[in-house]
Amino acid sequence: LTTSVTGFLQPFVPIYLLEAGLSKSQIGLVAASGAAMAFLVQPVLGRLSDRLDVRRPFVAAMAFIAAFAYLSFPYLHGAGAFLFMVALGANATMYMQGVGGVLVGRLAQRGKGGTTYAAYRVWGSIAYIFVALAVGLILKPQGGHGRAAIDLVFRVGPLIFFGVAALAYWLPDPKKPL
C-alpha cells in the first residue's frame with residue numbers, strides 16, 4: 001500500500017497544482033519542499049525509531065499526516081498553503097516508503113531478504129498501476145478541465161493512507177536482539 005499511494009500522487013499532484021493556479025516555478029518550489037523537509041526531518045525520525053526499535057507507530061502517524069495533507073488539497077489556495085501541505089505529505093510518504101523496506105528486511109527469513117524485498121517491490125508496483133488506473137477510471141466520466149475536475153482524486157485517493165495506518169499495526173515488527 002505504501003507504493004500504491006504514488007499511483008495517485010505522481011500523476012496528479014503537478015496537474016492539480018497547475019490547475020490551482022500555481023506557476024511552473026511555484027510548482028517546482030512546492031515539489032522541492034518535500035525533499036527539503038525530508039532532508040531535515042527524516043534523520044530525526046529514523047534515529048528516533050531506531051532508538052525505540054519500533055516502526056509501526058511511526059508509519060501509522062506518517063500515514064495520518066499524509067492523508068491530512070492530501071485530503072486538504074481541495075480547500076487550499078495559494079502557493080504557500082500547497083508548499084506546506086506538499087512538504088508534509090511528501091515527507092510522510094518518503095518515510096513510509098523507506099520504512100517499508102526495513103520492515104520487509106525484518107520479516108524476511110535469513111538469506112531470503114533480497115527475494116522478499118523484490119516481491120515487496122513487484123507487488124507495490126502492481127498496486128501503483130491499479131491505483132493509477134482506478135483513479136483514471138474514476139475521473140473519466142467527469143472529463144473537462146480545471147481544478148474542480150481533479151478534486152475527486154484528492155477526496156478519494158488519500159483514503160489509501162488510512163489503509164496503510166491500519167496495516168501498520170497488523171504487520172509484525174520483530175525487535176533486534178539486544
Side-chain angles (χ1 to χ4, degrees), residues 1-14 17 27-73 76 79-132 154 157-178:
L1 281 177
T2 59
T3 304
S4 71
V5 298
T6 56
F8 82 88
L9 293 175
Q10 280 182 341
F12 292 103
V13 168
L17 295 175
I27 292 170
L29 288 173
V30 166
S33 68
M37 186 180 201
F39 183 72
L40 301 171
V41 174
Q42 295 294 321
V44 174
L45 288 174
R47 189 171 189 97
L48 185 58
S49 66
D50 284 348
R51 178 171 289 158
L52 299 173
D53 199 24
V54 294
R55 306 296 180 281
R56 297 180 303 175
F58 288 96
V59 171
M62 292 299 116
F64 281 113
I65 289 169
F68 166 72
Y70 293 115
L71 283 168
S72 73
F73 268 34
L76 299 178
F82 281 108
L83 185 133
F84 181 71
M85 287 306 188
V86 167
L88 282 177
N91 192 49
T93 303
M94 282 185 239
Y95 179 82
M96 290 185 309
Q97 294 284 342
V99 169
V102 172
L103 289 173
V104 167
R106 285 183 164 200
L107 294 173
Q109 294 175 355
R110 187 178 189 121
K112 299 283 186 185
T115 304
T116 304
Y117 186 73
Y120 164 77
R121 297 299 299 165
V122 167
W123 284 107
S125 297
I126 291 169
Y128 172 96
I129 293 166
F130 176 77
V131 168
F154 294 95
L159 299 177
I160 298 169
F161 286 110
F162 294 117
V164 172
L167 277 177
Y169 281 100
W170 288 339
L171 290 175
D173 186 13
K175 306 293 182 201
K176 291 187 231 174
L178 296 174

Show me the donor-acceptor pairs within less than 3.5 Å that the side chains of residues 60-73 make with the rest of the protein, sequence neighbours left out.
unit_1, atom_1, unit_2, atom_2, d
Tyr70, OH, Ala90, N, 3.1
Ser72, OG, Ala69, O, 2.6

Euclidean distance, Leu29 CG relative to Leu17 CG, rounded to 0.5 Å: 11.5 Å
Carefully, step by step, assess Ile27 and Phe82 under the rule side-chain contact (heavy atoms from CB on, under 4.5 Å). CA-CA 9 Å; Ile27 292 170; Phe82 281 108; over 6 Å; no
Heavy-atom check, side chain of Phe8 versus side chain of Pro158, under 4.5 Å: yes
Atom CE in Met96, atom CG in Leu167: separation rounded to 0.5 Å? 11.5 Å
Check: Ser4 side chain, Val131 main-chain N or O, donor-acceptor pair, under 3.5 Å: no
Taking atom CZ of Phe162 as the centre, report whether more than 12 heavy atoms of other residues, nucleotides or ligands fall under 6.0 Å from it. yes
